[in-house]
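As structure tokens, the structure follows; a few thoughts come after it.
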Number of protein chains: 2
Amino acid sequence: MLTRKEEDYLETIYRLSQELESVGISDIARERGVTLPTVFSAVSRLKANGMISQTPYGKISLNPKGQKMAEEIYESHRVLRKFLQEVLGLSSEMAEENACRMEHGLNREAVRRLKLFIDMVQNCLSKENSCMEEFQGKART
Amino acid sequence: MLTRKEEDYLETIYRLSQELESVGISDIARERGVTLPTVFSAVSRLKANGMISQTPYGKISLNPKGQKMAEEIYESHRVLRKFLQEVLGLSSEMAEENACRMEHGLNREAVRRLKLFIDMVQNCLSKENSCMEEFQGKART
DNA sequence: TGATAATATTAGACGATTCTAACTTTGTCA
DNA sequence: TGACAAAGTTAGAATCGTCTAATATTATCA
């Protein structure tokens, strides 16, 4: 099982892989605001866990195992962020911060239900019902 | 600033203080499933931070600073747990587990909004609206 | 091509969090 | 009261996650 931090690095690698043509240790360090040796040691542990591969002095890629795990973590992140921002009405920045800190805490079943719940609120509630407006008024106070 | 683990121990001390007439290192160790020296070192750090006091070979009590902080953490825990159980419909055990892992991630503003949101769902939605029933049907699948 | 910049790696340190093993203090009850 | 049990403490080790400083490799460009 991965530690929280290892999951964080895995998720960062996943996100950078989607933005950049290749991901190196320095990309991760820049993104996370830590030093190169810190990333090097985290990456070493992820390699030892079989989550990622890296060519010597070279680029990092997700193994299938790591890809799957990163997708799950990122899914939790997205769902939480959406809930915090679109349902609770937090600012984009605050929703992101809170989602980052909570993302490792939700299990699959909770994510599944939260997703369904957001859909319900957005499809059903917002329209025909004054509750959300009232809530948003109070929340803004 | 406290680490996550330090916050966990502080919360445990807070909860045990409400259940027991006095709280010792062995009570905390039993509750958390760790050894006595582990608790001893955590308690030492909390003492160094001014969060708690302890008589030599004796009992532990929360200082005002620690009491305030523990109450905040426990509030996050309760609100999250309530949301997971009463709104999303997770089992009591699963709600508790998820709340434990997420409680350090929510800031005050998010807790405030989540509380208001739960009230809204329970006071307004449940009654006159079929959305919640529909959601609960899907969620149970 | 060769100097310099960028990147990756290694070495060594430190605090946090955990453990086991040994020891000390306190509490209990025969 | 004195022995044993329970609780607290100390010592020492391991791992994680971070750092700085030094070193090695790769890339770039004059």
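The figures here come from the full heavy-atom set of this structure, side chains too, leaving out hydrogens, waters and symmetry mates. Just so it is clear: chains get the letters A, B, ... in the order the sequence lines come, proteins before strands, and each one is counted from 1.
When the side-chain contact (heavy atoms from CB on, under 4.5 Å) test is applied to B:E72, the partners found at least two apart in sequence or on another chain are B:K68, B:R108. Scanning for salt bridge (charged side-chain N to carboxylate O under 4.0 Å, His left out) contacts around A:R78 gives A:E75, with sequence neighbours left out. Partners of A:R45 by side chain to side chain donor-acceptor pair (under 3.5 Å), not counting sequence neighbours, listed by chain and number: A:E6, A:S41.
Look at CD1 on B:I28: it is 11 Å from P on D:dT9, rounded to the nearest Å. For the pair A:M1 CE and D:dC16 P, the computed distance is 14 Å after rounding to whole Å. Note: CZ (B:R4) to P (D:dT18) measures 12 Å, nearest angstrom. Separating the CG atom of A:L2 from the P atom of D:dC16 is a distance of 11 Å, rounded to the nearest angstrom. The nearest whole Å value for the distance from the CG atom in B:N49 to the P atom in C:dG15 is 14 Å. A straight line from CG of B:L10 to P of C:dA16 spans 16 Å, rounded to a whole angstrom. Per the geometry, NZ belonging to A:K5 stands 12 Å off P belonging to C:dT17, to the nearest Å.
Taking only side-chain nitrogens and oxygens, B:T38 never comes nearer than 4.0 Å to OP1 or OP2 of C:dT17. Residue A:R45 has no polar side-chain atom (N or O) positioned under 4.0 Å from OP1 or OP2 of D:dC16.
Applying the ring-ring contact (aromatic ring centres under 6.0 Å, His included) test to pairs two or more places apart or on separate chains, those with a residue in residues 5-35 of chain B are B:Y14-B:Y74.
Of all nucleotides listed (D:dC19, C:dT20, C:dT18), D:dC19 comes nearest to the side chain of A:T35.
A:E109 has a carboxylate O that lies under 4.0 Å from a charged side-chain N of A:R112, or vice versa, which qualifies the two as a salt bridge.
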Which atom pairs, donor and acceptor, lie under 3.5 Å between side-chain atoms of residues 94-103 of chain B and protein residues at least two apart or in another chain?
from   : atom 1 : to     : atom 2 : distance (Å)
B:E96  : OE1    : B:H77  : NE2    : 3.3
B:E96  : OE1    : B:R81  : NE     : 2.5
B:E96  : OE2    : B:H77  : NE2    : 3.1
B:N98  : OD1    : A:N107 : N      : 2.8
B:N98  : OD1    : B:R101 : NH2    : 3.3
B:N98  : ND2    : B:M94  : O      : 2.8
B:R101 : NE     : A:G105 : O      : 3.0
B:R101 : NH2    : A:G105 : O      : 2.8
B:E103 : OE1    : B:H77  : ND1    : 2.6

Quick test: give all pairs of protein nitrogen or oxygen and nucleotides 7-10 of chain C nitrogen or oxygen below 3.5 Å, distance rounded to 0.1 Å.
from  : atom 1 : to    : atom 2 : distance (Å)
C:dA8 : OP1    : A:I25 : N      : 3.3
C:dA8 : OP2    : A:I25 : N      : 3.2
C:dA8 : OP2    : A:S26 : N      : 2.5
C:dA8 : OP2    : A:S26 : OG     : 3.0
C:dT9 : OP1    : A:Y57 : N      : 3.2
C:dT9 : OP2    : A:Q54 : NE2    : 3.1

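Residue contacts for A:T3: at a heavy-atom cut-off of 4.0 Å it reaches the sugar-phosphate backbone alone, with no base atom in range. Residue-level contact check: B:V39 touches neither bases nor backbone, having no heavy atom under 4.0 Å from any strand.
Between A:L84 and A:L88, the shortest heavy-atom contact is O-CB, 3.4 Å.
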